[in-house]
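The basis for the numbers below is simple: all heavy atoms, side chains too, and nothing from hydrogens, waters or symmetry mates. Remember, it's 1-based here, ligands and their atoms both numbered in the order they're listed. Please read these numbers as outputs of a predicted model, since none were measured by experiment.
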Amino acid sequence: MLSQQELKQQAADAALQYIAPMLDPAAVIGVGTGSTADLFIDGLAKYKGMFRGAVASSERSAKRLADHGIEVLDLNQVDSMPVYVDGADEINAQLQMIKGGGGALTREKIVASVAKLFVCIADESKLVDVLGRFPLPIEVLPIAREAVARAASSMGGVPAIREGFVTDNGNQILDISGVSILDARSLESALNNIPGVVTNGLFAIRPADVALLATQSGIRRL
Ligand code: 5RP
C-alpha cells in the first residue's frame with residue numbers, strides 16, 4: 001500500500017514525463033504551490049539547462065526553484081508558457097478544482113491563466129464527485145474581511161478566517177465551508193463579484209486541461 005507521500009511523488013514524476021517533450025531553451029514553465037508541487041520542483045531540477053526558467057505561483061515555490069538553481073522569472077517578463085503544473089485540494093471529473101489550501105490561489109490563478117496547458121497533479125484522494133467538502137478559500141482585502149464573510153454567509157456558507165495567515169499579496173484568507181458546489185462556474189463568478197474579494201479558490205471557469213492522479217494501481221489520466 002503506497003503512502004499519500006509516495007502517491008504525490010508518482011504524480012509529480014508523471015508530470016515531469018508529461019512535460020519533458022515541451023522543454024526547449026526558450027520554454028518557461030509555470031509552477032504551482034504545495035507539497036505535490038514541491039516534489040515536481042525537485043524533479044524539474046534534473047532538467048535544468050533544458051528550459052529557460054520558471055514562473056512561480058508563490059514566494060515559497062520561487063525560493064525552492066531558486067535553491068535548485070532554476071531561474072525564476074517575473075510573469076511580466078513572459079509572453080507565453082507551454083504549461084503550468086500544480087496540485088489541488090479537490091478536483092472533479094470536469095477537472096474543475098478547489099485550490100488555495102496553501103493560500104497561493106491568486107498567483108496560481110494568474111500564472112495558470114497565461115499557460116497554454118494546466119496540468120493538475122494529485123493523489124487520488126483529491127478526486128470528488130461534488131466540490132465543496134474542502135473549505136473554499138477566498139483571498140480578501142483586509143478591509144473587506146467581515147463584509148465578504150457576511151456575503152458568503154448569505155449565500156449559505158460558513159466562513160472562517162485563516163488565523164495568523166497573510167498571503168504573499170498581504171491579504172487574508174476566508175475559508176468557506178458547508179457549500180455543496182453544484183455549479184462551480186456560476187459560484188466562481190458570483191464570488192468574484194463581491195467587493196473586496198481578490199480571488200476565490202474555484203478553478204472552474206478555467207479548469208485543468210489534464211489531471212494526473214496517482215492511484216494504488218498507477219497513474220490515472222483524466
Ligand atoms: C496551494 C494549493 C495547492 O495546490 C493545494 O493546497 C494542494 O496542496 P498539496 O499538494 O500540498 O496537497 O492550491 O494554494
S.K.: Which ILVMFWY residues are connected to Val166, directly or by a chain of links, through side-chain heavy atoms under 4.5 Å apart?
M.R.: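 The other cluster members (ILVMFWY side chains, heavy atoms under 4.5 Å, direct or chained): none.
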S.K.: Are a donor atom and an acceptor atom from the side chains of Asn76 and Asp74 found within less than 3.5 Å of each other?
M.R.: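 A pair is found: one side chain offers a donor N or O, the other an acceptor, under 3.5 Å apart.
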S.K.: When you look at CD of Gln17, are more than 12 heavy atoms from neighbouring residues, nucleotides or ligands closer to it than 6.0 Å?
M.R.: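 Result for CD/Gln17: open.
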S.K.: Checking Glu59 now: which residues fulfil side chain to side chain donor-acceptor pair (under 3.5 Å) with it, not counting sequence neighbours?
M.R.: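 Per chain and number, Glu59 pairs via side chain to side chain donor-acceptor pair (under 3.5 Å) with Arg107.
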S.K.: Which pairs pass salt bridge (Lys or Arg N to Asp or Glu O under 4.0 Å) with one or both residues in residues 135-159, sequence neighbours excluded?
M.R.: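 Output for this query is empty, none listed.
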S.K.: Using only heavy-atom distances, determine whether the side chains of Glu188 and Asn192 contain a donor-acceptor pair under 3.5 Å.
M.R.: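 Not at all, the side chains of Glu188 and Asn192 share no donor-acceptor pair under 3.5 Å.
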S.K.: Collect the protein residues that have a non-hydrogen atom under 4.0 Å from ligand 1 and hand them over in chain and number order.
M.R.: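 For ligand 1, the contacting residues are Lys8, Thr33, Gly34, Ser35, Thr36, Asp86, Gly87, Ala88, Asp89, Lys99, Gly100, Gly101, Gly102, Gly103, Ala104, Glu108, Lys126.
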